[in-house]
Structures are given as C-alpha cells and as structure tokens.
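All remarks here apply to the structure that follows.
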Amino acid sequence: MAGLAFLEKKNTVARPGYSKWLIPPAALCVHLSIGQVYAFSVFKTSLVQRFESSQTAVAWIFSIAIVMLGLSAAVLGTWVERNGPRKAMVAAALCWGTGFLVGSLGIAIGSLPLLYLGYGVIGGIGLGIGYISPVSTLIKWFPDKPGLATGMAIMGFGGGALIASPLSNLLLGIYDPQFDPANSGNGASASALSATFLTLGLVYLVFMLIGASLIRLPEGFGDDATAAHQPGRGGALVRAKAAIRTPQFALLWVVLFCNVTAGIGILEQAAPMIQDFFRDGQDSTVSAAEAAGFVGMLSLANMAGRFVWSSASDRIGRKPIYMMYLGVGLVLYILLATFGQTSTAVFVVLALLIISYYGGGFATVPAYLKDLFGTLEVGAIHGRLLTAWAAAGVMGPLIVNGFLDAAGEPGSLVAEDYHPALITMVIVLAVGFVANLLIKTVDEKHFDDEAVRSHAGRGDHTDPAGEPATTGGTR
Amino acid sequence: MSSTHDDGTRTSGSTSPTSALVVALAWLLVSVPLAYGLWQTLVKAAQLLG
C-alpha cells in the first residue's frame with residue numbers, strides 16, 4: 001500500500017545530519033509504555049471485585065501477557081529485523097493499544113476471557129514486538145557503546161511501571177471518586193476500570209506512535225544485503241537461525257534464565273518478605289506502608305541497574321559483568337539468608353543490590369549478543385533469547401511460593417522460612433555463573449559467509465557519528 | 001525533497017543537522033513522565049526510610 005510506504009525499512013533511513021540522540025527517546029517512548037505491564041497489580045483488587053473471581057484467575061491476565069511477550073519476541077524477531085524498527089514499533093503500538101481497548105470492553109461487559117484475549121494475548125504480542133523493536137537499531141547507532149544504548153531503552157521498561165502505577169491510581173480516582181488506593185480492600189467501580197483501560201490504551205498508542213515517527217536507521221542500513229553490519233568477536237556475523245544452534249546461545253539462555261529466576265523470586269514476594277523477615281510473633285516491625293516503600297525502592301534499583309550496570313559493561317566487558325551479576329549476586333543471597341534479619345538497613349541494601357543485578361542482566365544481554373554474533377540479526381536473536389524470561393517468570397515465583405506454601409500460612413512466616421528458597425536461588429545463580437564462564441567466541445562455521453564477505457570487502461568502518469567503531473568487549 | 005541511494009534506500013528532507021531544540025523536546029517528552037514516576041516512587045520509598 002503506497003500510503004503506508006513510510007513504514008518500510010528502506011524509507012526509515014536517516015537523512016545525513018539526523019541526530020543519533022533522537023533514537024534513545026524514540027526507544028523510550030515504546031519502553032516506557034510497555035513497561036506498564038509491571039504495574040498491572042494496581043488493578044488486581046478492582047478486577048477481582050469486578051469479575052467476582054479468584055486472585056489466581058486475575059493473575060492469569062499478567063501471566064498470559066508475559067508468556068506472549070516471550071513467544072512473540074521469539075517468533076516475530078526475524079520479522080522485526082527484516083521490516084525495520086518503524087513498522088515494528090507501529091505494530092507494537094497497535095497491539096498494545098488494542099489490547100487495552102479490548103480489555104476495556106471485556107471489563108465493561110463483564111467478560112474475563114475477553115480481558116485475557118485483549119490485554120493478555122493481543123497486548124502481550126505488542127509487548128514482545130515493542131521490547132525488541134528499538135534494540136538492534138540502538139546498537140547500530142551506538143556500535144562502540146551498545147551497553148549504554150540498550151541500557152537507556154531497557155531502563156525505560158523498568159521506568160514504565162513507576163509511571164503507570166501512580167497514573168493508573170490517579171485515573172481510577174478521577175473516574176471513581178469513591179476509590180481510595182490507600183485502602184487495599186477497596187476496588188474501583190467497573191466503569192472506572194473500563195474508562196481507565198480505555199484512556200491508558202489511547203495514551204500509550206499516541207506515545208508509541210510518536211516514538212515510531214522519531215526512529216531512524218543509520219545510513220546504509222536500509223537494505224540488509226548492503227548494510228555495514230558490525231561483526232562480533234572473531235569477526236562473527238551470524239544469522240538468527242544459525243545462532244540458536246550454537247552452544248553460546250544455549251549458555252546465554254541459561255545465564256539469563258538463572259539471573260531472572262533469582263531476581264523475580266524476590267520481586268514477586270517483596271512486600272510480604274520484608275515483613276516476614278522482621279516478624280515478632282503475629283506482628284511485623286515493618287508496616288504495610290513501609291513494605292510498599294520497600295517495593296518502590298526495589299523498582300528504582302531495578303531501573304537504575306539497567307542503565308548503570310549495562311553502561312559499565314561497555315568498559316569492563318560483558319563476561320566480567322555477568323560474573324558480577326551471578327557471582328556477587330550469589331554471595332549477596334547467602335548474606336541475605338544469614339544476616340538479612342539482623343537489621344532492616346542490611347536487608348534493604350542487600351535486596352537493592354540483588355535487584356539492580358537483575359535489571360542489569362536484562363539490559364546487558366543485547367550487547368552480549370552483539371559481541372558474540374554481530375549486528376547482522378541481533379534483534380531476532382534477542383527475541384529468541386527472551387523465551388528464557390518467559391520461562392523464568394514462571395519458575396522464579398514457583399520456587400519461592402512452593403517453599404513458602406510448605407512452610408506455613410501467609411502472615412505467620414518468619415525469616416527462617418525463606419532460607420530454602422534463598423539457598424535454591426544460590427544454586428540457580430551458581431549454575432548461571434558456570435554457564436557464563438563457559439561462553440567462548442562463536443565458531444566460524446556458524447558465520448554467514450555472504451555477510452562476512454560483504455563486510456571484508458568494505459574495509460574499515462566508522463559508527464554513524466563518524467567515530468571509530470569497536471566490536472565490544474566480551475572479555 | 002528526497003534522494004535515492006545506490007542501495008535503493010531513500011532519505012528525505014534537508015541534510016542540515018537536527019535542531020538541538022527538536023532533540024531537547026524529544027528528551028523532555030520522555031523525561032517528564034519518567035520524573036513524575038520517579039518522584040511518586042521516592043515519596044512512597046520515603047515511608048520506609050522515614
């Protein structure tokens with residue numbers, strides 16, 4: 001269709017002089033929007049009351065969305081790479097916005113399956129496409145600082161929840177003046193919920209479309225055959241199909257899975273965990289409001305870790321920084337189990353560091369992939385790797401809740417009841433640490449001959465800003 | 001005005017550098033909601049520290 005030609009990859013190439021500093025805000029428009037998914041719990045009480053359902057039935061909405069994120073990123077990663085970031089970001093905006101609109105209809109007519117379909121399935125596809133759509137473009141614009149570039153965008157995913165949580169409560173309060181977010185047992189009315197979903201869907205649609213309008217590929221990247229791709233270590237330029245057959249991909253999958261499993265276990269249980277660690281009889285010395293403050297601090301650490309650690313990886317290398325996430329993380333878990341209950345300050349500092357490593361692991365992985373496989377299809381490879389996130393999203397809470405369910409009833413648990421779960425996380429992190437140690441340079445047999453020949457024929461390269469490019473540091 | 005390159009890609013518009021104002025506005029667009037979210041979270045987190 002001629003009218004949609006501006007979405008084509010070849011028409012997304014930047015004109016000479018286009019600032020590369022417009023690319024991070026374009027990416028942030030998408031990631032700040034889709035990061036809303038981590039704030040979904042603000043609707044939980046209202047949705048349980050609306051549908052007169054169990055908490056589990058409502059929790060499925062979030063779970064479906066996260067599983068669809070992993071699946072769509074894996075399945076559509078190559079499509080995103082071939083069609084360019086603008087078409088992908090528009091598709092993500094339409095899916096994410098439509099997900100809210102269909103969800104709004106589901107709430108209005110009282111149909112939970114429609115909410116599963118809308119927010120869970122359609123919105124989840126938008127999450128997957130949106131998450132990976134700007135990542136490879138950022139790496140192409142900032143070939144010498146891929147960690148910094150992807151850290152900026154993926155930090156936005158963490159930041160999206162910080163915005164969505166108060167914004168959602170604000171909207172619910174506007175549409176339903178009786179609603180009080182401070183009263184955990186008081187849900188908003190169905191009409192307020194439906195109107196809030198509708199409003200959020202429209203706001204996110206517009207915000208993401210602005211991002212799509214700003215995004216550009218660097219000059220020379222409009223056509224895959226002639227693009228000046230940056231090779232990884234050892235001159236690696238590997239296509240997604242070949243990459244997933246390499247031991248490096250499998251090992252990195254394990255690394256991401258272990259890092260996410262360990263972090264998500266704490267994140268999912270954060271508020272009750274801090275209260276249980278400081279329980280004296282039936283009462284905890286940490287109030288519900290203080291526990292909510294702790295959850296807020298974890299969100300900040302998660303977001304900061306994405307930017308700070310990912311940027312640091314450009315200097316110290318990808319392999320060493322994952323040794324820190326997993327190795328130091330492992331020690332922090334042991335310290336949390338051993339000394340966590342001695343003071344809230346010790347508990348909070350240890351938990352903040354652990355969650356910063358969790359965020360850092362997410363943000364650094366695209367740069368790690370770039371180092372290993374080159375930029376040829378790094379977005380598509382990243383998409384396939386995100387299945388580790390979907391799997392860990394199920395496994396982390398299963399481990400923690402499995403041990404806690406066996407230990408006793410919520411509200412009666414103490415610090416010792418968390419020890420089996422924390423020690424399990426230590427083992428999980430140890431497995432990830434070993435997997436990271438085993439990652440070596442990709443064998444030449446996996447390289448794409450045509451891309452390597454094309455690169456060799458082109459000679460030396462500079463980044464789009466005219467600075468010398470390096471192949472990064474998987475040291 | 002648009003030009004077509006050897007590889008078939010097209011770039012449109014002028015070749016002058018992007019205005020610093022446009023870059024600043026784009027960053028403002030994402031920074032304002034992020035600052036709102038950060039502030040709200042800090043207020044919540046202060047309950048633990050206070």
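Predicted model only: the values in this text are computed from it and were never measured. Convention: sequence-line order gives letters A, B, ...; per-chain numbering from 1.
- Across every non-hydrogen atom of L167(A) and Y36(B), the tightest pair is N-OH, 3.7 Å.
- Neither the backbone nor the side chain of V295(A) comes within less than 4.5 Å of any heavy atom in chain B.
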Walk me through it: do M303(A) and L38(B) pass the test side chain to side chain contact (heavy atoms under 4.5 Å, CB included)?
CA-CA 10 Å; M303(A) 196 183 93; L38(B) 279 171; 3.7 Å; yes
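- Of the two parts of V22(B), the backbone and the side chain both hold a non-hydrogen atom closer than 4.5 Å to a non-hydrogen atom of chain A.
- Nearest heavy-atom pair across L300(A) and L42(B) is CD1-CD2, 3.6 Å.
- Taken from OG in S299(A) to CD in Q40(B), the straight-line distance is 13.0 Å, to the nearest 0.5 Å.
- For chain B, the nearby part of I210(A) is the side chain; its heavy atoms alone come within less than 4.5 Å.
- Among G160(A), A345(A), A292(A), the residue with the largest count of heavy-atom pairs under 4.5 Å with chain B is A292(A).
- Looking at I23(A), neither its backbone nor its side chain comes within 4.5 Å of chain B, counting heavy atoms on both sides.
- In this structure, the side chain of T18(B) engages the main chain of G17(A) through a donor-acceptor pair within 3.5 Å.
- The heavy-atom pair separating A26(B) from L214(A) by the smallest distance is CB-CD1, 4.1 Å.
- Side-chain contact check for W27(B) versus L22(A): every heavy-atom pair is 4.5 Å or farther apart.
- Residue contact with chain B, scored on non-hydrogen atoms closer than 4.5 Å, involves the backbone and the side chain of L28(A) alike.
- Inter-residue side-chain proximity for V30(B) and C29(A) is flagged as met; some heavy-atom pair is nearer than 4.5 Å.
- Put simply, the side chain of W39(B) does not reach to within 4.5 Å of the side chain of P166(A), judged on heavy atoms.
- Between the side chain of R15(A) and the backbone N or O of P17(B), no donor-acceptor pair lies under 3.5 Å.
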